[in-house]
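Read the numbers this way: they start at 1 and go in the same order the structure lists the ligands and their atoms. Position 1 is the first residue of the sequence; numbering continues from there. Here the structure is a predicted model, which means the values were calculated and not measured.
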Amino acid sequence: MTAKTHNEIAAIDPDDIGHNSSPNPSFNDLIASRLSRRHLFGLGVGTAGAALLQACGGGGSGSGGGFPVLPAAPAPAPAPAPAPAPAAPKLGFTAVAKSLDDVVSVPPGYTASVLYRLGDPIAAGVPAYANDGTDAPATYDKRAGDHHDGMTFFGINASNKWDPANASRGLLAMNHEAITPLFLHPTGQTIVGTGNAAVRSVADEVQREFFLHGVSVIEVNKGASSWSYKQDSSFNRRVHTLTEMTFSGPAANTDYLKTKFSTDGSKTRGTLNNCANGTTPWGTYLTCEENWAGYFRRITATDNPSRSAKELAAFTRYGVAGTGRELWSTVTPDTADNIYGRWNAQVTGATATDDYRNGANTYGWVVEIDPFTPGSTPKKRTALGRMGHEGACLGPVVAGKPLVWYMGDDSRNEYIYKFVSTKAWDAADINGGLAAGDKYMDDGKLYVAKFNADGTGVWLELKLGVNGITASNPAYAFGDAADVVINVRLAADAAGATKMDRPEWTAVNPKTGEVYVTLTNTNAASRPITATDAANPRFYNDPKGVAATAQTGNPNGHIVRFADDGADPTALSFKWDVYLFGARATASADINLSGLVADNDFSSPDGLWFSSVTSGLLWLETDDGAYTDVTNCMLLGAVPGKVGDGAAKTITNVDGATTRTQATFVGKAPGTDGLRRFLVGPKDCEITGIAESGDGRALFVNIQHPGETTAAANIANPALFGSHWPEGGNARPRSATVVITKNDGGLIGL
Ligand code: FEO
Ligand code: CA
Ligand code: CA
Ligand code: CA
């Protein structure tokens, strides 16, 4: 396989191709029903009250002192934040200029230090990473993985229990989404043959790659002057593609999940393409499987004749077809337990327990990991549905109320979901580990969002027998509850969900309970000018580089936000607007709808996370290929307002000679007081993953795949590598976690 290429606007994640051919809206025909914002937002939306507490990313669990104020919470009660956060955070740093340099730039008065790089050893006796492709493959399950992504800081106390407020010691759990194969072996991947006949001929290389995906848990400590990870901590752990996991929830132990490895459908091996993350209020980590479909080999010409109509519909909807992204299934000879052959999702045996025809059903889940119990077996929580899971953001946590997770499915034209637990939250479950997960995450209701043109929206339940999810559905005959969660995209199609411009991270404002979702970008093929809608309203050209290469569709992305009605996260209706539109500062007014300027313009929002300590401070990360003629990817700090703080607006979209108007709702322009660039990363990277120490005085940020577009032919000439970060010189680039501190020891961003 070749290194990834940025050959068109949304090609940063080459797997994020759309597979949604459903006729769902796009509801241009509903525009006439639009109401005024004044009317809509005079209906009790906005202030959420003191009961709305904590959320997401690092928040609800790990990331710090801002853990929910849980009424009558027993020990270990979360401690208050050491430093009182201002009622309304105010950005207090100097904006960082856009940059194409191969460095991490932060504002004056801040220091960014490299903490944890690809290949760094996490067990005693494992040698330092040579970073030339010669490190012993068997050591990689004790090394940092590649492509660092979503992460959470779990403060830990002297009794080795979860202490969200801990300012100097914690477990950092982080995802390793994928790999840049070129830099992992002496001269990149060794592949013999081409097309369907291409095979990986060096098993050692594949072993490295198996271990480099997944999750790290590492102990980190603040020293006298800097943070470091503890190489020999007993908490250190890698979860990767060979780690055994069990299924729970509606799909567990069903025929859909039976394989040669698990003849009763109770378990599988591994997790991969772990993108964004999530947390629980009991102190565990959620890792989310995003672009898993492409890793499986399924040659349609040979496999389709062996498949049922339903199976074929499911494969088409999820994009399970091809040779397999890294050709893992092609290594011969296979092992007795099929560590290579399990990536072949074709019918090869007599029954489903003789092969891995159901292998693709065992991926696409939210996976719960207990970082405090290194030997525990992760659980795939099937009640949250199978999709291209970006993340799972915990909503407001209130004792006696259900728990809610908001989730994006990141492919073009996919949907936004939420899961509502059946059980009401009981703070006695703090530190309850995976048993608490069994209680809250295996039983509940799953919904998908429909955004109406009038600024309202509804949550449509995804359950057998409702919203068209029946055996008589013409597109897919749903059989049972397991079928619904395994094929939840098809269920959401049937329900009539709204196609979005690639839903990435979700973030919940701890001050209001309002939910923000990054819609990173899309292209003209997936959303032509005739298919814009109120919540995905723009079509434009963003010319790139001196050649002014056309980038049409919505190449810069936007961020939608919504408030569940009554400030109740279990509500079945909501109000929404568009918080921010990505754009070049120089773009025209109908493109640069948020009035971005040189100090805060950005493209392709992806990571999104509210600080727990500096409550209300939002961090926004980019994964861009559109504005990269001008700047590398970045991190911005923001202080958002609330749903409805802007105005209704009708914009004019342009596609060549065609113009078309589109009504939408635009949030109040942020200005530089509301949005400011905080960090710019090295060449060819994505900025993703973010967490904070319990006192908000250390911010952990991941630099993913610097130099990822380096051409394979350049491996012999280090001078031509796209990046040498972080080591510099002629070194191969490495994904890495950086820790950012303020030189005066203050709160980050203020
Ligand atoms: Fe892995 Fe949707 O970014
Ligand atoms: Ca992402
Ligand atoms: Ca992305
Ligand atoms: Ca990436």
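In this structure, Lys499 fails the cation-pi test against Phe451, since its NZ or CZ atom is not both closer than 6.0 Å to the six-membered ring centre and inside 45 degrees of the ring normal. Judged by the 6.0 Å and 45° rule, Arg298 forms a cation-pi pair with Phe315. Both the sub-6.0 Å distance and the 45° axial angle are satisfied by Arg386 relative to the ring of Tyr318.
Between atom 2 (Fe) of ligand 1 and the N, O or S atoms of Glu390, the shortest distance is to OE1. Among the heteroatoms counted here (N, O or S) of Glu290, OE2 is the one nearest to atom 2 (Fe) of ligand 1. Closest to the Ca ion (ligand 3) among the N, O or S atoms of Glu504 is OE2.
Residue contacts to the Ca ion (ligand 3): Glu686 brings no N, O or S atom closer than 3.0 Å. Put simply, Asp623 gets within reach of the Ca ion (ligand 3), with an N, O or S atom under 3.0 Å from it. Among the atoms of Asp149, none of the N, O or S atoms falls under 3.0 Å from the Ca ion (ligand 2).
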* Evaluate the side-chain contact (heavy atoms from CB on, under 4.5 Å) criterion for residues Arg325 and Asn273: first the C-alpha distance (whole Å), next the side-chain angles of each, then the deciding distance (0.1 Å), finally the verdict. => CA-CA 11 Å; Arg325 169 171 168 165; Asn273 221 273; 3.5 Å; yes
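Remark: the Ser723 side chain and the Asp102 side chain contain an N/O donor-acceptor pair separated by less than 3.5 Å. Side-chain atoms of Thr522 and Asn554 include no donor-acceptor pair closer than 3.5 Å.
One finds an angle of 90° at atom 2 (Fe) of ligand 1 between OD2 on Asp410 and OE1 on Glu504, to the nearest 10 degrees. Taking the Ca ion (ligand 2) as the corner point, the angle from Asp606 atom OD1 to Glu390 atom OE2 is about 90° (rounded to 10 degrees).
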